[in-house]
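Within every chain, numbering begins at 1; the chains are lettered A, B, ... in the order of the sequence lines, protein sequences first and strands thereafter. If you're wondering where the values come from, they're calculated on a predicted model, not measured in any experiment.
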2 protein chains.
Amino acid sequence: MPSDRAPTRIQRKNRAAILEAALDVFSSHGFRGSTVDQIAKAAGLSKPNLLYYFPSKEAIFNELMAGLLDTWLDPLRALDPDGEPLEEILAYVQRKLQMSRDYPRESRLYANEIVQGAPRLHDVIAADLNVLVEEKAHLLQGWMDAGRINRAHPKHLLFSIWSLTQHYADFDAQVRTLMGDEDPFDAAPQYLETLYRRMLTPNI
Amino acid sequence: MPSDRAPTRIQRKNRAAILEAALDVFSSHGFRGSTVDQIAKAAGLSKPNLLYYFPSKEAIFNELMAGLLDTWLDPLRALDPDGEPLEEILAYVQRKLQMSRDYPRESRLYANEIVQGAPRLHDVIAADLNVLVEEKAHLLQGWMDAGRINRAHPKHLLFSIWSLTQHYADFDAQVRTLMGDEDPFDAAPQYLETLYRRMLTPNI
DNA sequence: CCTTGATTTGACCAACTGGTCAAACTCACG
DNA sequence: CGTGAGTTTGACCAGTTGGTCAAATCAAGG
């Protein structure tokens with residue numbers, strides 16, 4: 001185990017390499033489907049050497065998840081109560097879509113966990129995420145009550161944004177097969193903007 | 001191995017119990033995360049006894065998948081070229097939503113596979129699903145060209161229906177945590193109907 | 001260059017897992 | 001009720017996996 005002192009150059013490099021490799025492996029095989037050996041090889045280390053930096057497979061996973069969740073919720077946090085409602089929501093949709101394009105592994109890692117019942121995430125969801133969702137659902141409800149966007153169940157609205165955007169990362173294998181040569185991310189931004197604009201623009 | 005004759009009463013009962021148990025186990029832990037022992041126990045059999053009915057873990061999985069895919073695509077097949085376009089699409093959305101409510105395990109089993117890159121499904125997707133999607137995308141495009149529904153990328157339209165409806169099954173753990181006491185399926189049908197009606201009703 | 005702590009590794013272990021097999025048991029039917 | 005096919009199981013095996021450990025190697029400051 002590395003000492004408690006300030007991390008050495010080697011420690012920083014290897015811990016980063018391990019987390020990067022673990023993201024790759026965990027996101028494409030799930031926790032149970034991944035082996036320490038796989039991660040070690042992907043990080044260019046031997047298995048005992050990897051376990052010199054992290055005490056266990058689970059510890060790697062947890063550190064990865066902790067780091068992920070923070071950045072994962074940033075786009076929603078950025079929903080500005082003082083902005084123009086429709087534009088705020090559309091911008092949020094585009095930020096989420098960007099994340100699916102730029103960080104598909106993170107999205108799949110998260111999806112893997114939730115699909116399997118979130119055994120290692122239940123607490124975090126019940127705590128941090130719940131608070132954030134309540135706050136933003138309330139904000140959306142306020143905009144609807146003020147007639148600035150069309151009415152819709154605010155939580156279902158959030159769910160729909162998550163599912164529509166993350167779909168392009170999580171179901172990438174299916175989407176790409178069905179789209180052939182066309183890059184899904186060419187038309188997706190336009191499609192989602194149209195969808196939410198038509199849905200939320202206040203009726204005259 | 002059971003003989004080639006017509007299946008006995010016991011064979012029918014046990015094979016059904018195994019497939020039912022396997023659906024439970026595979027859908028909540030993924031293929032790699034599931035063990036033959038788990039499935040056997042859930043089916044009320046010993047491991048060797050289970051392997052008397054199926055030659056391998058993979059064989060169980062494959063039989064499960066083959067049976068699933070057929071029924072999984074039925075709602076899309078039922079999209080009727082001769083129907084009223086908007087109502088056809090809305091009915092399809094509701095059928096898919098029903099499936100998420102009534103067969104969440106099947107949805108998660110499928111999701112588990114796709115998220116992990118569809119290693120055991122690539123051929124089927126590239127073949128059957130692709131043909132069906134091309135056909136229905138063409139139908140949707142026709143409706144748009146005739147001005148009977150608003151324009152939108154037809155494949156992305158299909159993706160959006162899949163992702164929005166399956167989300168309630170696949171991310172059930174998250175959705176239920178965030179909805180508290182409220183049953184997600186109370187408001188979901190209404191929400192999705194409104195969404196697609198606003199989106200697709202032709203502009204005047 | 002030498003010491004000391006940091007890093008790396010081969011060898012190893014125990015638990016688990018998918019699968020086999022021969023022997024035992026059960027059932028349906030003549 | 002006897003018999004042969006159908007069914008069940010305990011014992012077992014080989015490969016994999018997460019994790020340990022002592023010994024070897026390396027890096028950096030004195």
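- C:dA6 atom P lies 10 Å from atom CG of A:D4, rounded to whole Å.
- Residue-level contact check: A:F54 touches neither bases nor backbone, having no heavy atom under 4.0 Å from any strand.
- By the 4.0 Å N-to-carboxylate-O rule, B:E182 lies too far from A:K155 to be salt-bridged with it.
- Dashed line: the shortest gap from a side-chain N or O of A:N14 to OP1 or OP2 of C:dA6 is not under 4.0 Å.
- Distance, B:K47 NZ to C:dT17 C1': 6 Å, rounded to whole Å.
- For the pair A:E88 and A:W143, the minimum side-chain heavy-atom distance is below 4.5 Å.
- Protein atom CD1 of B:I39 is 8 Å distant from nucleotide atom P of C:dG18, rounded to whole Å.
- Between the CG atom of A:L45 and the P atom of C:dG10 there is a distance of 13 Å, rounded to whole Å.
- Residue A:Y52 places at least one side-chain N or O under 4.0 Å from the OP1 or OP2 atom of C:dT7.
- For B:S46 and D:dT8, the shortest distance from a side-chain N or O to OP1 or OP2 is not below 4.0 Å.
- If you find the closest nucleotide of DNA chain C to A:P2 and to B:S56, the one lying nearer the 5' end belongs to A:P2.
- If you take NZ of A:K57 and P of D:dT20, they are 14 Å apart, rounded to a whole angstrom.
- In this structure, A:L51 atom CG and C:dT9 atom P are separated by 13 Å, rounded to whole Å.
- Contact annotation: B:N49 side-chain N/O to D:dT7 OP1/OP2 distance is not under 4.0 Å.
- In this structure, B:D37 atom CG and C:dA15 atom P are separated by 16 Å, rounded to whole Å.
- Comparing B:T8 and B:R32 against DNA chain D, the residue whose closest nucleotide sits nearer the 5' end is B:T8.
- Backbone-only engagement by A:I10 is indicated by non-hydrogen atom pairs under 4.0 Å involving sugar-phosphate atoms exclusively.
- Annotation: side chain of A:E113 is in contact with side chain of A:F61 (closest heavy-atom distance under 4.5 Å).
- The separation between B:F61 atom CZ and C:dG19 atom P is 14 Å, rounded to whole Å.
- The side-chain tip of B:R101 does not point at the ring of B:Y168 from less than 6.0 angstrom away and within 45° of straight on.
- Comparing B:Q11 and B:P48 by the nucleotide of DNA chain D whose heavy atom lies nearest to each, the residue mapping closer to the 5' end is B:Q11.
- One finds a salt bridge joining B:R105 and B:E20 here, because a Lys/Arg side-chain nitrogen approaches an Asp/Glu carboxylate oxygen to under 4.0 Å.
- Considering only side-chain N and O atoms, A:Y53 lies nowhere under 4.0 angstrom from the phosphate OP1 or OP2 of C:dA6.
- Contact between the side-chain N/O atoms of B:R9 and the OP1/OP2 oxygens of D:dG6 is not found at any separation under 4.0 Å.
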